[in-house]
Protein chains: 2
Amino acid sequence: MQLPPLIQTFVLHFGEMGGRWGVNRTVGQIYALLFLSDRPLNAEQITEALGISRSNVSMGMKELEGWRLVRKRHLPGDRREYFEAPDDIWQIVRTLAEERRKREVDPTLSMLRDVLMEQPSGPEERHAQDKMRQMHDLIELLTGWAGDVQKLDNASLMGLLKLGAGVSKLLEIKGKLTVIGGGKRRNQATDEGEI
Amino acid sequence: MQLPPLIQTFVLHFGEMGGRWGVNRTVGQIYALLFLSDRPLNAEQITEALGISRSNVSMGMKELEGWRLVRKRHLPGDRREYFEAPDDIWQIVRTLAEERRKREVDPTLSMLRDVLMEQPSGPEERHAQDKMRQMHDLIELLTGWAGDVQKLDNASLMGLLKLGAGVSKLLEIKGKLTVIGGGKRRNQATDEGEI
DNA sequence: CCGTAATTTCAGAATTTTCTGAAAATTACA
DNA sequence: TGTAATTTTCAGAAAATTCTGAAATTACGG
């Protein structure tokens, strides 16, 4: 690998963190490289920059496309494929959130739904099912909210983030407005402890 | 492994998902078992329930304590150690968010800070550093917000979640109130695209 | 369509991670 | 303090993942 030092630091870091983020070292490095690059790169260039095999790049790209974190491009007069990482950093966050939900949360939600349909066969299973229902309801609440927030445009999203702990204050205001206007609830859960 | 079917399904699922969540199969299974259990369990019981070695349980517990997802307990008249998973599901979410930030985000933030101190040695590094600054600022905004929200009590947190996309409406209201009252900003970033 | 450049696939090698059993260390309490 | 129960450690076995090179496939330009 022969890269400018700042870029190399970043790329190596992404390689090491890749594991914790659910991708392998190569995939992390490829994404880092594309993210920093000011132009699309082809597989050969990535191979050279990272010192990995051509086939490894091919598999890594397939994985990154699965994550919707890279796009294919074609440069005129060049029959090779080029890759680039989308620029809008807010969109990247949305994509990551969505893909991680799909991989890390949805399967569990689905399993929980199945298991909650079953009849518990005794007090032990009854208690277990209670806990599973708590988990299920909370996950639904969280993912539903995340889905809603994801749809906000960049400016609104930034507004929300800047607010920070201020949401608390805002919620109090909302409470008062709701009493007057009679706003409707998103679901029927109660307001304390149990959801 | 000899467990009631509902429990077994849940435990096996957590084992399989463990990998994607940043822990190994055993750790996922142990946590699942403790989460569903209506009483603390000792290492021997976990060994039997999951069909894994005693030493593996020991290592798994250490990992789960590192995540702050289990607590040690002592039952009177029994010198063995017992383990239990905290009950408050909201607190579990906070703990998970915190620990994942510590493992998955903080190291990157730290690396970015270091790299942003360096002088870029040419246009390529300058562009790369720009992207890194974008990433750094966005991560700070996100983690700062998450940190604030984490401090909310259960009821407020639930209020926020139920709001869903309604935050958008609420933000508009806030905008108007701010014009009147002159609220202060959390940071100096601009409101569009670039953060 | 032909030839060739480019990409993908995949079997097995290399590496990393997980798990176990045996031994060492720690702990409770008699 | 001695002893037996319990927990932890850790070297290496087992399993899983990642990576490569060679072969197969695809896609382009003539």
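- Summarising the geometry, the separation between CE on Met59(B) and C1' on dT20(C) is reported as 8 Å, rounded to the nearest angstrom.
- Where Ser55(A) and Gly77(A) meet DNA chain D, the nucleotide closest to each residue was compared, and Ser55(A) sits on the side nearer the 5' end.
- Rounded to an integer number of Å, the gap from CD1 of Ile52(B) to C1' of dA15(D) is 15 Å.
- A cation-pi arrangement, defined by a distance under 6.0 Å to the six-membered ring centre and an angle within 45 degrees of its axis, is absent between Arg100(A) and Trp67(A).
- Of the candidates dA6(C), dT7(D), dT20(C), the closest approach to any side-chain atom of Arg80(A) belongs to dA6(C).
- Ranking dT8(D), dT20(C), dA5(C) by closeness to the Ser53(B) side chain, first place goes to dT20(C).
- Taking every side-chain heavy atom of Arg25(A) into account, dC19(D) is the closest of dT7(C), dT9(D), dC19(D).
- Remark on DNA chain D: of its neighbouring residues Asp78(B) and Asn56(A), the 5'-side contact belongs to Asp78(B), judged by nearest-heavy-atom nucleotide.
- Across the protein-nucleic acid pair, Leu50(B) atom CG and dC19(C) atom C1' stand 13 Å apart, rounded to whole Å.
- With a 6.0 Å cutoff to the six-membered ring centre and a 45° limit on the axis angle, Lys131(A) counts as a cation-pi contact of Phe35(B).
- Side-chain nitrogen and oxygen atoms of Arg79(B) include none within less than 4.0 Å of the OP1 or OP2 phosphate oxygen of dA5(D).
- Between the CD atom of Glu44(A) and the P atom of dA6(C) there is a distance of 9 Å, rounded to whole Å.
- The separation between Glu63(B) atom CD and dT17(C) atom P is 13 Å, rounded to whole Å.
- Dashed line: the shortest gap from a side-chain N or O of Lys62(A) to OP1 or OP2 of dT7(C) is not under 4.0 Å.
- Atom CG in Leu64(A) sits roughly 13 Å away from atom P in dT18(D) (whole-Å rounding).
- The backbone N or O of Arg25(A) lies less than 3.5 Å from no partner atom in the side chain of Gln29(A), so there is not a single donor-acceptor pair.
- In terms of heavy-atom proximity, Pro40(B) sits nearest to Glu84(B) at CG-OE1, 3.8 Å.
- The side chain of Arg54(A) lies closest to dT7(C), out of dT7(C), dT20(D), dC10(D).
- Between Glu99(B) and Arg103(B) there is a salt bridge, since at least one side-chain N of the basic residue sits less than 4.0 Å from a carboxylate O of the acidic one.
- The CG atom of Leu75(A) sits 16 Å away from the C1' atom of dC28(D) (whole-angstrom rounding).
- Across the protein-nucleic acid pair, Leu41(B) atom CG and dT6(D) atom C1' stand 17 Å apart, rounded to whole Å.
- Across all strands shown, Glu81(B) has heavy atoms under 4.0 Å from sugar-phosphate atoms exclusively, and none from any base.
- Nearest-nucleotide mapping onto DNA chain C: of Val23(B) and Ser58(A), the residue sitting toward the 5' end is Ser58(A).
- For Asn24(A), the side-chain atoms get nearest to dT18(D) when compared with the rest of dT6(D), dT9(D), dT18(D).
- Here Thr26(A) reaches the OP1 or OP2 of dC19(D): one of its side-chain N or O atoms lies under 4.0 Å away.
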